[in-house]
Q: 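Before anything else, here's the structure in question.
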Amino acid sequence: MSEERSLNFLEEIIETDIAAGKNDGRVHTRFPPEPNGYLHIGHATSICLNFGLATKYNGKCNLRFDDTNPVTEETEYVESIKNDIKWLGFTWDNELYASDYFDTLYDFAVTLIKKGLAYVDDSTAEEIAATKGSLTTPGIDSPCRNRSIEENLQLFAAMRDGKYKDGEKTLRAKIDMAHPNLLFRDPLMYRIKHEHHHRTGDKWCIYPMYDFAHGQSDSIEEITHSICTLEFIHHRPLYNWFIEQLGIFPSQQYEFARRNLTYTVMSKRKLLQLVNEKHVSGWDDPRMPTISGMRRRGYTAEALRQFCDTIGIAKRENIVDIGLLEFCVREHLNKTANRVMAVLDPVKLVITNFPEGKEEIFDIENNPEDPNGGTRKVPFSHELWIEREDFMEVAPKKFFRLAPGNMVRLKGAFIVKCEGCKKDDNGNITEVHCAYLPESKSGHDTSGLTVKGTIHWVSVASARTAEVRMYDRLFRVEDPSNEDGDFKDYINPDSMNVLPAVYIEPELVNAKPGDRVQFMRKGYFCVDTESSADKLIFNRTVTLKDAWAKESKKV
RNA sequence: AGUGCGAUGGUGUAACGGUAGCAUCACAGACUCUGACUCUGUUUGUCUAGGUUCGAAUCCUAGUCGCACUACCA
């Protein structure tokens, strides 16, 4: 196998480990989401990494829900997460939950108490915070720190048995209140929460902290390479400490830098705010950077995977240009989406020399990028809708579209020559008039003419209508979290522009939710999940690159 | 301030002591029945200062800058 592409730092580590025979050459990863929100594009990186590494090295990848906090976690999120992973194209080897290990974790805690390495503390949350010390000053020992093992055992059992109220007691590891790593200053292992858990119900009223569950969960599953984001780097020595004191399987953690995207926010807290405060319609609003939002918008799983692969993985801070994601989306859709014609901002085009009442049907190619894409029937008649922007009464030199005296090709039909236009009393153009050249018929062109421009059109008589939602970036600044004030102040007021009645080809009436098409010269669009036969709704996935838009802005 | 991590074109990522490459973006041109796609070309980069070496993005030293960590969240 030739390595034309260089390895990322995780692949290098894994290949070194395999070569050294570590873990008998076994590779086992895991994707460990907390079910307290929907997955976003940042998670996609982690998913592609963990599942991708397992596949590449003939290993396994578990899906494990880190569900140690019953107050924020819900089954709805579990289902959405599983759905998104499957849609992205990955299959987990085992579906597991940290809550599966609550009994084992309890026993682990007892083991540490017996070793004199954990104690029950009566301190309040405020007292614990106050005695924590600071980055430069050591903390202060809790008065409960030197309770006897017997007393700790008894108190911990009483905690489990519901003898205490929330917050009344905690179980803490007995490490070092002066440790430079703040996480070692007697970290909390268990807290009391009289809460119903989405899986264990009311069995427990004490729940392990993430730090006392995550590392051991990896260990229990014999995960060989525990991949996580950079902010957990300080936790690694603590996980290793627990693993060592417990004498259990030594999973190794490796950290990478989370991916940030321009013109959006990624933290679950902020996304939840957007949802709760109705700035968007929900977690799957097409403007959201969630997997479900992007799916609804029309992004493909292939494009997302390609994007994750393209941006790679490293340990440095980053903010990826969203244009790169859009490129990956266009690249895939260009190959796969059928072309159709839709007129978003219509003006009537009258073909003066084409008989009224006559209809001619053209077979037009569905996708020039796909030789097996087939054709579709498109009716042509005396009156057509075209884009208002495709006609100019007074046009600049480089305008290749309709202007008096200019010729253009009507896509898949005839070349027409513009004769002028009609206006209403206010000077608004109401009709554009053209004559068609019968000998220029598409596929049978004997006119010998070549024209610079080709425009799209829809026959007035047979046009159908659809609602089209034109989406743009959710924020108007590159890094909303890094601006002064609230990030919501930077929401783009034009992030969604609804066109209630766009003219579309009759062929499109059969489009089903999830179908993706290219509206020729306008962009890629996806049939929305709310769409129905009575009311078709399209979401704009992404625009096409538009060289004319740039050109026309020049002087 | 303590600890840890990091610094390569506008953005993302390679180069593991030996020609700073790839993708995107931008720009120019070719092609085009989508001003799309495709193709060709061009501009732009090793945080700073020393040192080691025939040779340094890479190794060493010092500094600068950025990020993370002081939740009974994960």
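What you see is a predicted model, and the numbers here were worked out from it, not measured in a lab.
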Q: Using the 3.5 Å cut-off, write out each protein N or O paired with an N or O of nucleotides 12-14 of chain B and the distance between them.
A:
from   : atom 1 : to      : atom 2 : distance (Å)
G12(B) : OP1    : I319(A) : N      : 3.0
G12(B) : O3'    : R259(A) : NH2    : 2.9
G12(B) : O2'    : I311(A) : O      : 2.7
U13(B) : OP1    : R259(A) : NH2    : 3.1
U13(B) : OP2    : R316(A) : NH1    : 2.7
A14(B) : OP1    : I313(A) : O      : 3.4
A14(B) : O2'    : S6(A)   : OG     : 3.0

Q: With RNA chain B as reference, determine whether I233(A) or P208(A) sits nearer its 5' end, using the nearest nucleotide of each.
A: I233(A)

Q: Could I get a table of every N or O pair under 3.5 Å where one atom is in the protein and the other is in nucleotides 39-45 of chain B?
A:
none

Q: Please encode protein proximity along nucleotides 29-37 of chain B as a string of B, S and -, counting only heavy-atom distances under 4.0 Å.
A: ---BBBBBB

Q: Please identify each residue that fulfils salt bridge (Lys or Arg N to Asp or Glu O under 4.0 Å) with E195(A), with sequence neighbours left out.
A: none

Q: Out of curiosity, F156(A) CZ to Y119(A) OH, how far, rounded to the nearest 0.5 Å?
A: 14.0 Å

Q: What's the closest nucleotide to the K550(A) side chain, out of A26(B), A74(B), A68(B)?
A: A26(B)

Q: Within the 3.5 Å criterion, strictly below it, is a donor on Y524(A) or E326(A) matched to an acceptor on the partner's side chain?
A: no

Q: Would you please name every residue forming a salt bridge (Lys or Arg N to Asp or Glu O under 4.0 Å) with R305(A), sequence neighbours left out?
A: none

Q: N/O contacts under 3.5 Å, protein versus nucleotides 70-72 of chain B?
A:
from   : atom 1 : to      : atom 2 : distance (Å)
C72(B) : N3     : G167(A) : O      : 3.4
C72(B) : N4     : S123(A) : O      : 3.1
C72(B) : N4     : A125(A) : N      : 3.3
C72(B) : N4     : G167(A) : O      : 2.8

Q: For D17(A), what residues pass the salt bridge (Lys or Arg N to Asp or Glu O under 4.0 Å) criterion, not counting sequence neighbours?
A: none

Q: Under the ring pair (Phe, Tyr, Trp, His ring centres under 6.0 Å) rule, collect the residues that match up with Y207(A), sequence neighbours excluded.
A: F102(A), H197(A)

Q: Once pairs are restricted to Watson-Crick or G-U wobble with both distances under 3.5 Å, how does RNA chain B read as a dot-bracket string, [ ] for crossings and | for other-strand pairs?
A: .((((((..((((....[..)))).(((((.......)))))....(((((..]....))))))))))).....

Q: In whole Å, what separates the P atom of C47(B) from that of G6(B)?
A: 14 Å

Q: Using only atom types and a distance under 3.5 Å, with no angle test, would you say the side chain of T29(A) pairs donor to acceptor with the backbone of N50(A)?
A: yes

Q: So, the side chain of N69(A) versus the backbone of P208(A): is there a donor-acceptor pair under 3.5 Å, distance only?
A: no

Q: Under 6.0 Å between ring centres, would you say that holds for F525(A) and F538(A)?
A: no

Q: Suppose we screen for salt bridge (Lys or Arg N to Asp or Glu O under 4.0 Å). Which residues come up paired with D176(A), at least two apart in sequence or across chains?
A: none

Q: Given the P atoms of U40(B) and C25(B), what is the spacing between them in whole Å?
A: 15 Å

Q: Aromatic contact between F380(A) and F354(A), with the criterion being ring centroids under 6.0 Å apart: yes or no?
A: yes

Q: Does K335(A) have any side-chain contact (heavy atoms from CB on, under 4.5 Å) partners at least two apart in sequence or in another chain, and if so, which?
A: E331(A)

Q: Quick one: what's the B/S/- string for nucleotides 17-22 of chain B, heavy-atom cutoff under 4.0 Å, read 5' to 3'?
A: ------

